[in-house]
Amino acid sequence: MSDTLSLPGRRARIDALSFGLILSGLVVAAALAAPLVAWVTGHGPTDQFRTTGLDQMGLPMRPNAEFLLGSDGFGRDVLVRVLYGTRISLIVGLPATTLAMLVGTLIGLVAGWSRGWGDQLFGRFMDVMIAFPFILTALSLATINRGADGQPRIPPEALVVLVIAGFSWIYFARLVRGITRSLRDGPLVNAARVSGASVPQILWREVLPVILPKIAVFWSVQLPANIVAEATLSFLGVGINPPTPSLGNMIADAQRSGLYQVQPWLLLGPGLALFLAVAGANILSAGLRSRLDPHSALRV
Amino acid sequence: MALRLTKALSQAALTLLVLLIACFGLTRLAYQNPAAMLAPRNATQEGIAAVARALRLDEPWYQQLWYYLWRGPDVQGAKMGLFNWPPGLGYSFRKQAPVTDLILDKIPVTLSLVAGAVVLWFAWALLAGVWAAKNQGRWQDHLSGAVSFVFMATPLILSGILVSYVLFYQLTQAGWPLFPSSGYVALTSDPWQWARHLALPWITLAMVQAGTFQRITRGAVLDVAGHDYIRTARAKGLGEGRVWYNHALGAGLNPVITLGGLEIGTMLGGAIVTETIFGLDGLGRLAISSALDGDFPVVIGTTITAGAGIILMTTLSDLWIAARERRPLS
C-alpha cells in the first residue's frame with residue numbers, strides 16, 4: 001500500500017492516515033452509539049418485534065421508518081444489531097490485539113536478547129506455534145470448553161479473546177525479536193552498557209523506544225485480522241453465541257436462512273460494517289506505517 | 001544438500017512430535033469428563049464406564065502418551081497409535097467409526113478444493129503483481145492496487161456468500177445455470193462436473209489470498225527490478241514481457257514461496273468456511289459439525305491432520321528456497 005491512497009481516474013489525493021482515521025473513527029463512533037440508537041428507537045439488540053417487525057407472511061420487513069435497515073427473521077432491528085455487532089468486534093478485537101502485543105513484545109525482547117540455546121529454543125517454539133491451525137485449534141478449545149451440562153465453562157467472549165491473542169502474539173514476538181537482535185550489539189546498546197546500565201535498563205531505555213513505533217504499526221496491521229478472526233469463529237458457531245449479535249453470527253444467520261434474498265440489508269448491514277472496519281484499519285495501518293516507520297521491510 | 005535435507009526433516013519431525021504431545025495434552029484435558037466428550041448422546045452410566053475402560057483412561061499419563069503415540073489398545077477393532085500407517089487418530093463413539101477412516105473419506109474433497117484454489121490464487125497473484133510492477137505508478141498499478149485492497153478487506157465469510165449470490169443465484173435467475181449451488185462430484189467419476197461444482201469455491205478461496213499475494217509479488221519484483229541482470233536481459237534484446245515475467249519474477253520469487261508455503265498449509269482453515277457456504281462435504285465440514293456436536297476425537301484428529309499439513313508445506317517451501325539459493329538453511 002502506498003503512502004497516499006489514490007483513486008484511479010481522480011486527481012484528488014487523500015492522506016492515507018487521515019482517511020484511515022476518519023473511517024476507523026466512524027466505526028468506533030457507530031459502536032459507541034449502539035446503546036444510544038437502541039434507546040432512541042426503543043429496540044434492544046435481542047428484542048423481537050413479532051407484530052411490527054414481521055409482515056403477515058412472517059417474513060422480515062424491508063427498511064422503513066421504524067426499522068431503518070429493516071428487520072431480521074425474528075423481527076429484530078437490523079440496524080441496532082449491526083451496531084451492537086460492531087461493538088462486539090471491537091470488544092474482542094482491541095483487547096485480543098493489545099494482549100498479543102504485550103505478550104509478544106515481552107517474549108520477543110527476551111528471545112532477541114538471549115543467545116545460544118535460549119535463542120534456539122525460541123526458534124523451535126515458533127515452529128510449533130505456527131504449526132497449530134488457527135480455526136481448528138479454536139474448534140478444539142471451544143469443544144473442551146463445554147461442561148457436562150452443555151454450558152460453557154468460561155465465557156465464550158473470553159475464550160475468543162484468549163484464542164485470538166494466543167495466535168497473534170507470535171507475529172509480534174517475531175518482529176520484536178528481530179529488531180532486538182539487530183540492536184543487541186549496536187552502538188546504542190554498547191554505549192549504554194559502557195556507562196554501566198543494567199540489562200533491564202538497556203531494554204527499557206534504548207531498545208523499547210526503537211521498537212515502539214514498529215509495534216504500533218503492527219498492532220494496526222493485526223487488528224483487522226483479529227476482527228476477521230472473531231467474525232469467522234462466530235460465523236462457524238464457535239465464537240459469540242446467538243442471540244448476542246456479532247457481525248459473524250449475523251452473516252451466518254443471513255446465509256443459512258437465505259432471507260437476505262428477500263431483505264438484502266440482512267447481509268449488507270453486517271457485511272458492510274465488517275468491510276468498513278477492516279478497510280478502515282487497513283488504510284490506517286498503511287498511513288501509520290508511512291508516518292512512523294517509513295523504512296519498514298513490511299510491504300503488504 | 002543431504003545435510004540440509006536431514007536438518008530440515010529432523011526439524012520438521014521435532015515440530016510434529018511437539019505438536020502431537022500438545023494435542024495429547026488437549027485430549028487429556030477433554031477426557032477428564034468422558035461423558036461429555038466421548039460417549040454417545042444417550043449413553044448410560046455403564047456405557048460411559050465402558051468407553052473409559054476401552055480407552056484405558058484409568059492408567060497413568062505416560063502409559064497413555066505411549067498408547068497415543070506408539071501403539072494403543074484396539075478400540076472396537078480399530079488400531080490406535082499415531083506412528084502406524086495409517087495413523088490411528090482415535091475413535092468417534094458418536095459416529096461409531098475410527099477417526100482416521102472418517103478423515104480419509106473426506107480428504108479428496110478438501111484436497112480438490114485447496115489444489116484448484118491454489119492454482120487460481122497464484123495465477124492471479126503472479127500475473128497481476130508483475131503487471132502492476134511493470135506499470136508502476138500508472139493507471140494499471142492503481143487499478144490492481146484497488147482490486148487487491150478490496151480483496152484484502154473482504155473476509156471469506158462475506159466473499160463466499162457474494163460469489164454464491166452473484167455467480168450462482170443471479171446467473172441462474174437470469175437463465176444461465178452455469179454453476180450448481182452446492183455438492184461435490186469426484187474427479188474420477190466425471191472431471192467436467194468436478195470442475196463445475198468446485199469453480200465457485202475455488203474462486204472464493206483464491207480471492208482472499210490473491211489480494212495479499214498480488215502486493216507481495218509486486219513488491220518482490222520491484223525489489224529486483226533495478227538489478228544489473230535485468231538490464232542485461234533487456235540489453236540482450238529480450239522483450240519487456242520476458243524481462244518482467246521470466247527474469248524479474250524468477251529472481252523475486254523467494255518471499256512468495258516462503259509465505260505461500262505457510263498460507264497453503266493454513267488453507268484448511270479457509271476451507272472450513274468455504275465448505276460451509278458451498279455445502280461441500282469435506283474435512284472442514286467434518287470438523288465443524290463434530291465441534292458443534294461435541295465430538296472431540298474427530299476435532300482433534302482434523303487439527304492434527306491440518307497441523308501436519310502446515311509442517312509439510314513450510315518444510316517444502318524451506319527446501320525449495322534452499323535449493324534455489326544453494327546455501328544452508330538458516
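The sequence lines fix the lettering, A, B, ..., with proteins before strands; numbering per chain opens at 1. Just so it is clear, the values below take in all heavy atoms, side chains as well, and ignore hydrogens, waters and symmetry mates.
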Task: Thr172(B) side chain to Phe168(B) backbone, donor-acceptor under 3.5 Å - done: yes
Task: Residues from residues 244-254 of chain A approaching chain B under 4.5 Å (heavy atoms) - done: Gly248(A), Ile251(A)
Open item on the list: If you count heavy-atom pairs within less than 4.5 Å of chain A, which of Ile300(B), Val273(B), Leu292(B), Leu14(B) leads?
Closed with: Leu292(B)
- [ ] Would you kindly say whether Gln170(B) and Tyr165(B) are connected by a side-chain donor-acceptor distance under 3.5 Å?
- [x] yes
Task: Residues which pass salt bridge (Lys or Arg N to Asp or Glu O under 4.0 Å) with Arg181(A), listed by chain and number, not counting sequence neighbours - done: Asp119(A)
- [ ] Salt-bridge test for Arg124(A) and Asp127(A): reply yes if a basic N is under 4.0 Å from a carboxylate O, no otherwise.
- [x] yes
Open item on the list: Strictly distance-based, threshold 3.5 Å: is any side-chain N or O of Arg94(B) a donor or acceptor partner for the main-chain N or O of Gly294(B)?
Closed with: yes
Task: Part of Ala279(A) lying under 4.5 Å from any heavy atom of chain B - done: both
- [ ] Could you tell me whether a side-chain N or O of Ser182(A) sits under 3.5 Å from a main-chain N or O of Ile179(A), the two making a donor and an acceptor?
- [x] yes
Task: Interchain contact, Ile227(A) with chain B, by part (heavy-atom threshold 4.5 Å) - done: neither
Task: Options Ile161(B), Val18(B), Leu29(B), Ile311(B), ranked by heavy-atom pairs under 4.5 Å with chain A, top entry - done: Ile161(B)
Task: chain B contact via Val228(A) - which portion, at a heavy-atom distance below 4.5 Å - done: side chain
Task: Contacting moiety of Phe125(A), where chain B heavy atoms sit under 4.5 Å - done: neither
Open item on the list: If we define contacts as heavy-atom pairs under 4.5 Å, which of Ile310(B), Ile157(B), Val299(B) has the most with chain A?
Closed with: Ile157(B)
Task: Val221(A) and Leu288(A), any side-chain heavy atoms less than 4.5 Å apart - done: no
- [ ] Measure distances from Phe134(A) to the heavy atoms of chain B and classify the residue's part below 4.5 Å as side chain, backbone, both or neither.
- [x] neither
Task: Spacing of Tyr171(A) atom OH and Met126(A) atom CE [to the nearest 0.5 Å] - done: 9.5 Å
Open item on the list: For Leu266(A), is there any backbone N or O sitting under 3.5 Å from a side-chain donor or acceptor partner on Asp72(A)?
Closed with: no
Open item on the list: Is Tyr169(B) close to chain A through its backbone or its side chain, or both, or neither, when contacts mean heavy atoms under 4.5 Å?
Closed with: side chain
Open item on the list: Please rank Ile277(B), Thr154(B), Thr266(B), Leu156(B) by heavy-atom pairs under 4.5 Å with chain A and give me the top one.
Closed with: Ile277(B)
TODO: Please name the residue in the list Trp219(A), Phe218(A), Phe167(A) that meets the ring-ring contact (aromatic ring centres under 6.0 Å, His included) test with Phe172(A).
DONE: Phe218(A)
TODO: Check each atom of Ala231(A) against the heavy atoms of chain B and say whether the ones under 4.5 Å are side chain, backbone, both or neither.
DONE: both
- [ ] Write down the atom of Ala138(A), the atom of Leu233(A), and the distance for their closest heavy-atom approach.
- [x] CB-CD2, 3.7 Å
